[in-house]
Amino acid sequence: MPIGPLKQHLLKKISEACREAFQHAAGEMEIGFPPDLQLGHFAAGCFPLAKALRRSPAEIAKTIAAGIAPDDVVQTAAAAGPYINFTLHPRRLFGEVVAEIASAEDRYGDARTGEGRRVMVEYLSPNTNKPLHLGHLRNAALGMAVSRMLAAVGHPVVKSILINDRGVHICKSMLAWERFAHGATPQSAGVKGDHFVGKWYVRYAVESERDPSLETAIQEMLLKWEAGDPQTLALWRRMNQWVYDGFAETYRSFGMRFDVFYYESETYKLGKDVIAAGLQQGVFARDERGNTLFHLPEKDFGLEKNGLTKRVTVLRPDGTSLYITQDIGTAIRKVTEHSLDASVYVVGSEQEHHFKCLFAILRALGYAWAPNCHHLSYGMVYLPEGKMKSREGKVVDADDLIAAMIELAEEEIRRRDPEQRLSEGEIRRRAEVIGVGAIKYYLLRVRPAQSINFDPAESISFDGFTGPYCQYAYARIFGILEKAGRRGLTEQKADCGLLGNLEELLLLKMLIQFPEELASGVAEHNPARVAVHVFNTARAFNQFYNKHAVIQAENPALAAARLALIRATAAVLKRGLALLGIGVLENM
RNA sequence: GCGCCUGUAGCUCAGUUGGAUAGAGCAACGGACUUCUAAUCCGUAGGCCGGGGGUUCGAAUCCCUCCAGGCGCGCCA
């Protein structure tokens with residue numbers, strides 16, 4: 001009997017006792033946890049029954065508790081105010097949770113609520129004129145985590161990226177390179193491609209300050225690009241490729257994966273035909289200046305102060321497209337190419353209005369999947385000096401941060417290995433898992449809507465509420481399991497009836513709650529639910545660890561039971577961290 | 001002016017689908033390694049949950065209002 005049926009059993013007992021005492025169904029009672037595990041293992045509040053029975057919840061709890069007879073699952077049922085607290089036989093309670101986790105084989109907590117509905121998660125959306133920064137890392141950490149969480153509950157997930165590879169900002173780095181680089185390349189300069197191109201983008205900003213004529217040169221270049229001028233296109237391709245080569249390294253070091261690459265140079269003309277058709281159907285209208293526009297529904301957007309409906313332009317008078325034009329086209333293209341049921345866009349909160357408009361338009365156009373489009377909006381990452389502004393160089397570069405964190409982890413690993421038993425390769429491997437894990441955890445531990453004040457000192461900490469703390473708990477467990485294995489101890493014939501002290505109960509509670517937290521996290525598109533729960537699980541283990549011996553337990557039977565418990569804990573830690581895109585180490 | 005987000009311990013944040021005594025990390029102070037990994041643990045201290053009003057058996061949580069900060073508000077992306 002896994003945990004779900006265990007709760008069902010309790011509900012059934014309540015229901016029977018309730019019917020016996022009041023000739024009334026128990027209705028909507030729910031099984032939860034008491035605030036203090038000394039009170040019991042599970043609890044049910046009797047509030048839902050109070051109105052129907054016209055008695056106080058406390059009276060009901062008392063009567064029902066008295067009517068519940070102990071059985072092979074329930075040890076005691078006691079009323080405490082309006083609550084019924086249940087104490088279960090540890091053998092069943094621990095045994096069945098541990099068995100369920102063991103049989104799930106790394107998939108504990110998974111569900112089928114997604115029912116195979118196919119979802120695309122689009123994230124990152126980089127520009128090809130500069131390297132990735134801290135804000136991109138938050139975006140990527142969220143995108144990857146949400147993708148994994150959706151997959152865990154049964155959604156086939158397609159991860160996509162929309163690369164902004166065209167436009168005036170790209171021309172700026174091209175022009176600066178043409179004028180000032182004297183043919184230099186990333187290879188000749190010994191610089192990572194995206195950083196190399198970013199350098200010329202910054203150079204343009206500097207040069208255009210003193211030479212305004214560059215502005216007109218940019219406009220000419222843009223026109224040549226639009227006209228398909230071979231030389232311009234060749235330079236554009238060449239420089240973008242430098243950037244992609246650079247990005248690929250960052251994708252790899254941060255663990256980003258994409259199934260589909262979309263490029264705005266290929267999508268920017270999409271959407272026009274849909275808008276033409278929509279104009280025929282009256283979804284869109286023309287204004288006096290020739291703009292094609294969409295009237296935003298009053299229900300969702302309100303009205304202008306002059307009482308007219310708000311509007312958004314979807315096509316310029318000359319027929320050229322806008323950001324939202326191509327987004328309409330791309331949204332449709334995604335669905336047709338990948339048979340999607342839903343779409344998630346991981347984009348900063350500053351674009352909330354844009355996506356609200358986009359989704360309203362898609363609904364107005366009558367697409368059945370339009371209500372399943374979701375903007376996963378997240379807050380800004382602020383630096384101590386204020387908002388990040390790449391044009392002013394006020395950014396935390398992604399590659400720099402990753403390298404710095406790996407470096408810090410490496411120092412810590414060396415400090416713990418004074419006899420230098422570890423190979424350089426092993427040190428490097430561990431440092432990458434720890435350093436990158438620390439960054440991801442730091443970015444994922446708060447809910448997406450919350451803006452993050454990037455605190456350099458706190459972000460590099462490996463203590464407390466951090467990724468390495470969670471990884472450390474896993475490594476500790478692995479150490480115990482390994483040592484137990486060498487000594488021939490196994491949990492084969494573990495008697496979970498021997499478990500039940502406070503620390504073991506608190507740990508078990510975390511294991512039980514993991515699937516619920518994952519489900520909430522998916523429903524809210526909020527990986528922080530998982531991150532916080534993994535931390536609580538690691539903490540519960542550390543508390544247990546510091547108070548109770550496993551291998552050196554009072555007797556071998558108890559040792560076996562505890563081995564089973566911590567093996568299950570390790571599985572939950574590993575699974576939870578994996579959902580966040582964070583790896584574990586068997587030794588730290 | 002309007003919309004959305006945020007406001008909880010000195011700092012950074014959980015908790016927000018109404019339920020038992022509001023939690024954690026960091027920082028501070030005091031303790032615990034001859035033991036399965038001290039990247040750990042235990043203890044002390046720290047709160048009108050932004051202010052006010054309302055809804056009810058019960059509000060950090062729901063409603064109204066005010067204050068403060070952030071982000072946005074067609075023809076940029």
Side-chain angles (χ1 to χ4, degrees), chain A residues 32 34-36 39 43 45 47 50-51 56-58 80-83 85 125 127 164 167-169 264 287 289-296 300-305 310-317 320 322-324 326-327 348-354 356-357 377 379-380 382 387 409 412-413 415-416 434 438 445-447 449-453 455 457-458 461-466 468-473 475-484 487 520 523-524 528-529 531-533 535-536 538-539 541-553 559 562-563 566 587-588:
Chain A
D36 182 344
L39 291 168
F47 308 101
K51 200 156 270 179
S56 77
Y83 295 92
N85 292 324
S125 340
N127 291 345
N164 185 351
V168 82
H169 52 292
E264 287 196 5
D287 72 3
R289 278 170 294 176
N291 285 306
T292 306
L293 43 85
F294 177 73
H295 288 275
L296 296 164
D300 301 317
F301 293 85
L303 297 173
E304 294 282 3
K305 53 179 176 275
K310 293 183 179 177
R311 55 188 85 178
V312 56
T313 302
V314 295
L315 213 55
R316 291 194 189 95
T320 55
L322 296 154
Y323 178 43
I324 199 157
Q326 48 181 304
D327 260 10
S349 61
E350 68 275 15
Q351 293 202 32
E352 269 171 20
H353 182 255
H354 167 77
K356 205 175 159 191
C357 292
S377 162
M380 304 246 161
Y382 293 97
K387 188 180 173 179
E412 186 67 31
I413 292 164
R415 190 174 311 141
R416 293 154 166 279
I434 294 167
R445 66 183 193 174
V446 302
R447 80 192 114 97
Q450 185 71 251
S451 59
I452 292 178
N453 297 299
D455 179 338
E458 192 188 33
S461 168
F462 295 159
D463 300 327
F465 186 24
T466 65
Y469 176 96
C470 301
Q471 291 170 322
Y472 184 63
R476 273 180 149 177
I477 295 174
F478 191 86
I480 298 171
L481 292 173
E482 198 179 43
K483 190 161 186 177
R487 296 192 183 180
S520 303
E524 298 166 14
R529 292 296 288 252
V532 168
H533 191 263
F535 171 71
N536 286 332
R539 195 161 54 91
F541 168 75
N542 280 326
Q543 288 167 337
F544 162 80
Y545 174 90
N546 271 275
K547 196 157 177 183
H548 306 287
V550 177
I551 294 172
Q552 315 279 352
R562 286 182 176 163
L563 280 174
I566 67 170
N587 291 289
M588 275 176 76

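Chain naming here is simple, since letters A, B, ... match the order of the sequence lines and numbering starts at 1 in each.
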Identify whether any heavy atom of A:L563 sits under 4.0 Å from a base atom; if not, whether one sits that close to sugar-phosphate; answer base, sugar-phosphate or nothing.
-> nothing
Return the minimal non-hydrogen interatomic distance between A:I434 and A:Q471, and the atom names on each side.
-> CA-OE1, 3.6 Å
Please measure how far the C1' atom in B:rC26 lies from the corresponding atom in B:rC62, and state the result in whole Å.
-> 33 Å
Could you check if a side-chain atom of A:F294 sits within less than 4.5 angstrom of a side-chain atom of A:I324, using non-hydrogen atoms only?
-> no
For B:rA24 versus B:rU40, give the span between their P atoms, rounded off to a whole number of Å.
-> 16 Å
Can you tell me how far C1' of B:rC71 sits from CD1 of A:I452, to the nearest Å?
-> 16 Å
Could you give the distance separating B:rG7 and B:rG50 at their P atoms, to the nearest angstrom?
-> 8 Å
Between B:rA39, B:rU16, B:rU40, spot the one nearest the side chain of A:N542, thanks.
-> B:rU40
Residue pair A:N542 / A:Y469, side-chain donor-acceptor N/O under 3.5 Å = yes
Contact class for A:A43 vs. all strands (heavy atom < 4.0 Å): base, sugar-phosphate, or nothing?
-> base
Give the nucleotide from the list B:rC75, B:rC26, B:rA20 with an atom nearest to the side chain of A:D463.
-> B:rC26
When all nucleic acid strands are considered with a 4.0 Å heavy-atom cut-off, which category describes A:F294: base, sugar-phosphate, or nothing?
-> nothing
B:rG70 and B:rG15: how far apart are their C1' atoms, nearest whole angstrom?
-> 22 Å
With a non-hydrogen cut-off below 4.0 angstrom, is A:E264 in contact with a base, only sugar-phosphate, or nothing?
-> sugar-phosphate
Distance between C1' atoms of B:rC2 and B:rU17 (Å, rounded) | 29 Å
Of A:Y323 and A:L39, the one whose closest RNA chain B nucleotide lies more 5' | A:L39
Nearest-Å distance once atom C1' is located in both B:rC41 and B:rC33 | 11 Å
Separation between the P atoms of B:rA22 and B:rG47, rounded to whole Å | 13 Å
Paired with B:rC49 by Watson-Crick or G-U wobble geometry, both distances under 3.5 Å: which nucleotide is it?
-> none
Consider the side chain of A:K356, meaning its heavy atoms from C-beta on, and name the nucleotide among B:rG3, B:rU37, B:rC71 that approaches it most closely.
-> B:rG3
